[in-house]
Amino acid sequence: MRPFISAADARDRGVSMSQSPQDPVQLAEEIRALLEGSDAELRLREMLLEVRPEDIAIVLDDLSPLQKWKVFSAIGTEAQAEVIDDTDATSQEQIIGHLDSGLLRLILEEMPPDEATDLLNDLPQDRRREVLSGMDPETTVELLRLMQHPPESAGGIMTLDYISTTEDSTAGKSLEQLQSQIDAEVVNYVYVIDGNRHLKGVVSIRDLLGSTPEVAIRELMSTEVISVLANEDQEEVANLVRRYGLKAIPVVDYEIGRAHV
């Protein structure tokens, strides 16, 4: 099971509450002015600390290739991962062209696996192999698994970063597990699997929090789980998410007629 992340799913992007939305035109003008002045690098770095990565991604389209690179170099790796994913294809290509494999690897490791997979799929095969070879083996295996699926399929946009438990576990133990995996992308649901990673059910975080620690997961979980096959089209998956108001939806493989998580 790999939960599909819908657009409605909230994710903490590490943005300071002091970072107010910016007008793209005005922001681009301010950046150009700083780049033409003295101490451009330091002043640009300080200014961009107060700008959301989403806003930086938008203005890159209005800057020259050299200006784009200077802006990108002035922000931290976490922000770089967000900017490179959110910016337009032209800016993304120009920025990646400047990146050495080591820095690109660090950026990819900051990105959610499904987004990192999209970027890797756009790289030339030799460079993709070079980047993957330097990554943690577990991360490499995870990305290679995602890259096996067509980009427009449910499998191509799924994440492997979710929280699971078993029927025999309790609400208390499952909450402890949730606390240890707080960086997981899917935090609305805990998925119930068996020893063979078969999807058995789902429990909402709300139900876990409202239960006594000793209650068994099998008493809390719902077995009526809406799921999709890995080869289903993204649009069909998105329609299901909208129709049923889901925050995430499991993506399953079928082998010998059974769903594998």
Side-chain angles (χ1 to χ4, degrees), residues 5-37 39-124 127-128 130-132 134-136 139 142-143 146-147 151 156-157 159 161 183-185:
I5 304 300
S6 74
D9 206 35
R11 181 172 64 224
D12 178 10
R13 289 179 172 269
V15 176
S16 168
M17 293 303 293
S18 64
Q19 295 174 331
S20 302
Q22 301 277 327
D23 175 74
V25 176
Q26 181 179 350
L27 178 59
E29 291 177 353
E30 291 177 5
I31 288 174
R32 291 192 190 94
L34 283 177
L35 290 174
E36 293 173 359
D39 297 325
E41 183 177 341
L42 177 60
R43 293 176 65 190
L44 182 64
R45 190 180 301 275
E46 291 176 348
M47 188 265 271
L48 292 176
L49 286 173
E50 302 301 322
V51 182
R52 293 174 181 268
E54 298 91 340
D55 292 329
I56 297 174
I58 291 174
V59 302
L60 288 184
D61 187 37
D62 294 327
L63 303 177
S64 70
L66 179 58
Q67 290 172 333
K68 291 176 184 179
W69 175 245
K70 288 182 177 181
V71 169
F72 191 77
S73 300
I75 58 179
T77 306
E78 184 178 350
Q80 287 177 336
E82 297 179 40
V83 168
I84 203 169
D85 182 60
D86 290 340
T87 194
D88 63 281
T90 299
S91 296
Q92 186 181 88
E93 183 178 353
Q94 291 171 342
I95 290 170
I96 291 176
H98 280 85
L99 294 174
D100 61 51
S101 295
L103 181 53
L104 180 55
R105 191 177 298 123
L106 291 175
I107 291 171
L108 286 167
E109 289 173 347
E110 288 287 345
M111 299 172 71
D114 54 323
E115 296 174 2
T117 299
D118 291 339
L119 195 152
L120 281 167
N121 280 328
D122 291 335
L123 295 179
R127 191 169 192 202
R128 184 192 310 152
E130 180 183 358
V131 171
L132 286 170
M135 285 186 168
D136 173 75
T139 302
E142 181 179 10
L143 293 175
L146 292 175
M147 291 171 68
I157 54 173
T159 178
D161 194 8
D183 290 332
E185 283 194 66

What are the two closest non-hydrogen atoms of [X] and [Y], and how far apart are they?
| X | Y | value |
| --- | --- | --- |
| D122 | Q92 | OD2-OE1, 4.0 Å |
| R128 | L123 | NH2-O, 3.1 Å |
| P65 | Q94 | CG-NE2, 3.7 Å |
| E142 | P113 | OE2-CG, 3.3 Å |
| A28 | V59 | N-CG1, 4.2 Å |
| S73 | Q80 | CA-NE2, 4.2 Å |

**Request:** Quick one: which residue pairs count as a ring-ring contact (aromatic ring centres under 6.0 Å, His included) with a foot in residues 44-88, not counting sequence neighbours?
**Result:**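 The answer is W69-H98.
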Heavy atoms, side chains only, cut-off 4.5 Å: are [X] and [Y] in contact?
| X | Y | result |
| --- | --- | --- |
| L27 | M47 | yes |
| L104 | R127 | yes |
| D118 | D114 | no |
| V71 | V83 | no |
| K70 | L63 | no |
| I84 | L99 | yes |
| L44 | L35 | yes |

**Message:** What verdict does the side-chain contact (heavy atoms from CB on, under 4.5 Å) test give for I75 and V51, after you've listed the backbone C-alpha separation in whole Å, the side-chain angles of each residue and the deciding distance to 0.1 Å?
**Reply:** CA-CA 10 Å; I75 58 179; V51 182; over 6 Å; no
**Asked** Between R45 and E41, does at least one N-O distance fall below 4.0 Å, as a salt bridge requires?
**Response**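 Counted as a salt bridge, because a side-chain N and a carboxylate O are separated by less than 4.0 Å.
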Atom pair [atom1]/[atom2] of [X] and [Y] - distance to nearest 0.5 Å:
| X | Y | atom1 | atom2 | value |
| --- | --- | --- | --- | --- |
| D86 | I58 | CG | CD1 | 8.5 Å |
| T77 | M111 | OG1 | CE | 12.5 Å |
| I56 | K68 | CD1 | NZ | 14.5 Å |
| D55 | L48 | CG | CG | 11.0 Å |
| S101 | L106 | OG | CG | 11.0 Å |
| I95 | L60 | CD1 | CG | 5.0 Å |

**Prompt:** Mind checking what makes salt bridge (Lys or Arg N to Asp or Glu O under 4.0 Å) contact with E130, not counting sequence neighbours?
**Reply:**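 If we apply the salt bridge (Lys or Arg N to Asp or Glu O under 4.0 Å) test to E130, skipping adjacent residues, there are no hits.
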**Message:** Check whether D85 reaches the backbone of A81 with its side chain - one donor and one acceptor, N or O, closer than 3.5 Å.
**Reply:**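 No: the side chain of D85 does not pair with the backbone of A81.
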**Message:** Any side-chain to backbone donor/acceptor pair from D23 onto Q26? Under 3.5 Å, distance only.
**Reply:**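 Confirmed, D23 side chain pairs with Q26 backbone.
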**Request:** Could you walk me through whether L146 and L120 pass side-chain contact (heavy atoms from CB on, under 4.5 Å), step by step?
**Result:** CA-CA 11 Å; L146 292 175; L120 281 167; over 6 Å; no
**Request:** Using the test side chain to side chain contact (heavy atoms under 4.5 Å, CB included), find all partners of T139 that sit at least two apart in sequence or belong to another chain.
**Result:**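 T139: side chain to side chain contact (heavy atoms under 4.5 Å, CB included) contacts with M135, D136, L143.
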**Prompt:** Should R32 and E36 be marked as a salt bridge (Lys or Arg N to Asp or Glu O under 4.0 Å) after you check the CA-CA gap, both sets of side-chain angles, and the distance that decides it?
**Reply:** CA-CA 6 Å; R32 291 192 190 94; E36 293 173 359; over 6 Å; no
